[in-house]
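Let me begin by presenting the structure, written as structure tokens, before commenting on it.
As the structure lists them, so they are numbered: ligands from 1, and atoms in each ligand from 1. A quick note: this is a predicted structure, and the numbers were derived from the prediction, not measured.
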Amino acid sequence: MKTERLTAASDTLAEAAAYIQQQEVVAFPTETVYGLGADATSEAAVAKIFEAKGRPADNPLIVHVHEPGQIKYYTETIPVMAQQLIDQFMPGPFTIILKSNGKVAPTVSAGLDTVAIRVPQHPVAQALIQTANLPLAAPSANVSGKPSPTTADHVYQDLCGRIPCILDGGATGVGLESTVVDATGEVPVILRPGGITKQAIEAVIGEVKLTKSLAAEAQPKSPGMKYNHYEPEAPLYLIEGESAFFQQQIIHFQQAGKKVGVMATTPLMTKLTADEAFTMGEQDNLKEVAANLYTGLRYFNHKTVDVILSECFPAQGMGAAIMNRLDKAATDRIQHI
Ligand code: TXA
Ligand code: MG
């Protein structure tokens, strides 16, 4: 299949929307990461998303609508607390899970009685949904298990020849996927940390729970949690310790005959010497680190390194989302004891 790359503009938006209406898939930018969208009401269209990504059928998809008022068309009654979250955080990098009323294709929810809904803020995402005049089921537009795409180039690297159309709207802003909150129980649960932090959510509705690691739950609430995620081609190790310890680890791998790539921020990076390096930004600017994280994980795919070593960050605020992704991408953590 030929993959068309369109720069987002009014005429190309119409073309992309036509693909959606013809039950095809289109990759498009959102403020978090690029999504791979298709008509959420069509079983045939949704099947093409799973096929293009190689995504397991039991991992449900997020439905994207263009304004919060649309959420009620796909859900049962919206609880008061859920409505408060919707009013506060949508549109934005926030996804809410509610009881489904069965209007989206059953494969979108992977057989669950719930549906995940998001209202993206990105103007191109908004325009595509409105022009197609359909709700879009859309996972991140990467091959299943790989880091999410934050540029149209990332999408092209993964899905060239597997999808008909990529709508290029430049680099995404947040760089990590939306915060996913399950609002079907009495206390809302954060299933995936993201750009909207736990603190910001608690400021609106009081205490919320954060899902523990998969090991803590016999049956994962979010089916996607049991699969590999965000994996670069070389094994990734997270280094917890100061610069001298980090440098020792680099040398340790080099002595074992490995070429070492390093992901770190300044000023730490200036104290390290490795074979390849990707600077994620300034240590005290976690927004910048989040925005660059997936580009970093993909950067080493084009370099011949045998192992990647990454800095760790305090798991608070945006740091919680960054560490969640790094932990999932990593083979292990190496701690200074
Ligand atoms: O920022 C984002 O959320 C991006 C952009 C494209 O919107 N999308 C995204 O989708 O990250 P995806 O498919 O890569 O991740 C969706 C996550 C998965 O972990 C999935 O298991 C979970 O949301 N999920 C979807 N529907 C669910 C449901 N009904 N119940 C529990 N978890 C659900
Ligand atoms: Mg994904």
Side-chain angles (χ1 to χ4, degrees), residues 25-38 40 46 49-50 52-66 74-75 89-100 102 104-122 124-126 128-129 135-150 154-155 158-159 167 169 172-185 188-196 211 214 217 219-231 290 294 321 324-325 328-329:
V25 296
V26 172
F28 64 99
T30 82
E31 71 275 28
T32 58
V33 300
Y34 272 73
L36 184 62
V46 171
I49 295 178
F50 284 93
K53 280 187 60 109
R55 184 173 175 111
D58 66 350
N59 192 2
L61 308 176
I62 297 172
V63 176
H64 297 64
V65 295
H66 76 87
Y74 306 101
T75 60
F89 298 119
M90 294 176 146
F94 185 81
T95 295
I96 195 152
I97 294 176
L98 293 163
K99 289 275 181 218
S100 169
V104 296
T107 42
V108 170
S109 295
L112 301 171
D113 62 357
T114 55
V115 62
I117 305 209
R118 172 156 129 72
V119 184
Q121 206 162 30
H122 197 292
V124 175
Q126 291 249 346
L128 178 64
I129 299 166
L136 295 189
S140 48
N142 51 283
V143 164
S144 210
K146 296 289 164 204
S148 297
T150 54
H154 293 165
V155 179
D158 272 23
L159 298 177
L167 203 47
T172 60
V174 180
L176 297 180
E177 305 82 349
S178 61
T179 304
V180 178
V181 171
D182 181 348
T184 60
V189 182
I190 299 175
L191 299 182
R192 181 175 71 185
I196 304 292
T211 302
L214 178 59
E217 282 195 28
Q219 215 191 359
K221 263 286 200 178
S222 192
M225 294 193 298
K226 69 173 180 277
Y227 295 106
N228 288 349
H229 277 301
Y230 319 117
E231 285 189 345
Y294 291 143
N324 170 270
R325 307 309 192 275
K328 288 190 178 186

| task | Give the atoms of ligand 1, by number and element, whose distance to some non-hydrogen atom of Gly35 is under 4.0 Å. | result | 6 (C)
| Numbered atoms and elements of ligand 1 in range of Ile97, under 4.0 angstrom, heavy atoms | 27 (C), 28 (C), 30 (N), 31 (C), 32 (N), 33 (C)
| said: Against Thr150, only a single residue in Asn142, Val174, Val33, Leu176 fulfils side chain to side chain contact (heavy atoms under 4.5 Å, CB included); can you say which? | reply: Val33
| Gap between atom CD1 of Ile117 and atom OG1 of Thr95 - 0.5 Å precision | 9.5 Å
| Do Asp182 side-chain atoms and Val189 backbone N/O form a donor-acceptor pair below 3.5 Å? | no
| Does one side chain, of Arg192 or Ser178, offer a donor that lies under 3.5 Å from an acceptor on the other? | yes
| remark: The answer for which part of Arg55 has a heavy atom under 4.0 Å from ligand 1 is side chain
| query | Within a radius below 2.8 Å of the Mg ion (ligand 2), how many protein N, O or S atoms are present? | reply | 1
| request: Give yes if a backbone or side-chain nitrogen or oxygen of Thr32 is under 3.5 Å from a nitrogen or oxygen of ligand 1, and no if not. | output: yes
| Leu112 neighbourhood, listing ligand 1 atoms whose heavy-atom distance to it stays under 4.0 Å | 28 (C), 29 (N), 30 (N)
| request: Identify, by atom number and element, the atoms of ligand 1 in contact range of Asn59, meaning under 4.0 Å from any of its heavy atoms. | output: 18 (C), 20 (C), 21 (O)
| said: Under 4.0 Å between a side-chain nitrogen and a carboxylate oxygen: does that hold for Arg118 and Glu177? | reply: no
| About how many Å separate CG of Leu61 and OG of Ser109, when rounded to the nearest 0.5 Å? | 8.5 Å
| Using a heavy-atom cut-off of under 4.0 Å, does the side chain or the backbone of Asp182 touch ligand 1, or both, or neither? | neither
| Does Tyr34 reach ligand 1 with a nitrogen or oxygen that is under 3.5 Å from one of the ligand's nitrogen or oxygen atoms? | no
| Considering all heavy atoms of both residues, which atom of Val115 and which atom of Val104 are nearest to each other, and what is their separation? | CG2-CG2, 4.1 Å
| What closest approach, in Å, do Gly92 and Glu31 show between heavy atoms, and which atom pair accounts for it? | C-OE2, 3.1 Å
| request: Enumerate the atoms of ligand 1 whose separation from the nearest heavy atom of Ser140 is less than 4.0 angstrom. | output: 8 (N), 9 (C), 10 (O), 12 (P), 14 (O)
| message | Under 4.0 Å from a heavy atom of Thr114: which atoms of ligand 1 are those, numbered in the order shown and with their elements? | response | 28 (C), 29 (N), 30 (N)
| field | Distance in Å, His229 NE2 paired with Ser144 OG, rounded so as to fall on 0.5 Å steps | value | 7.5 Å
| What atoms in ligand 1 come closer than 4.0 Å to a heavy atom of Ser178? | 1 (O), 2 (C), 3 (O)
| said: Regarding Asp113 and Lys99, does a basic nitrogen lie under 4.0 Å from an acidic carboxylate oxygen? | reply: yes
| task | Among Leu136, Thr32, Ile129, find the one that has a side chain to side chain contact (heavy atoms under 4.5 Å, CB included) with Pro120. | result | Ile129
| message | Would Glu177 count as being in polar contact with ligand 1, using the rule that some N or O on each side must be under 3.5 angstrom apart? | response | no
| What class does the angle between the rings of Tyr294 and Tyr230 fall in, given that below 30° is parallel, 30 to 60° is tilted and above 60° is perpendicular? | parallel
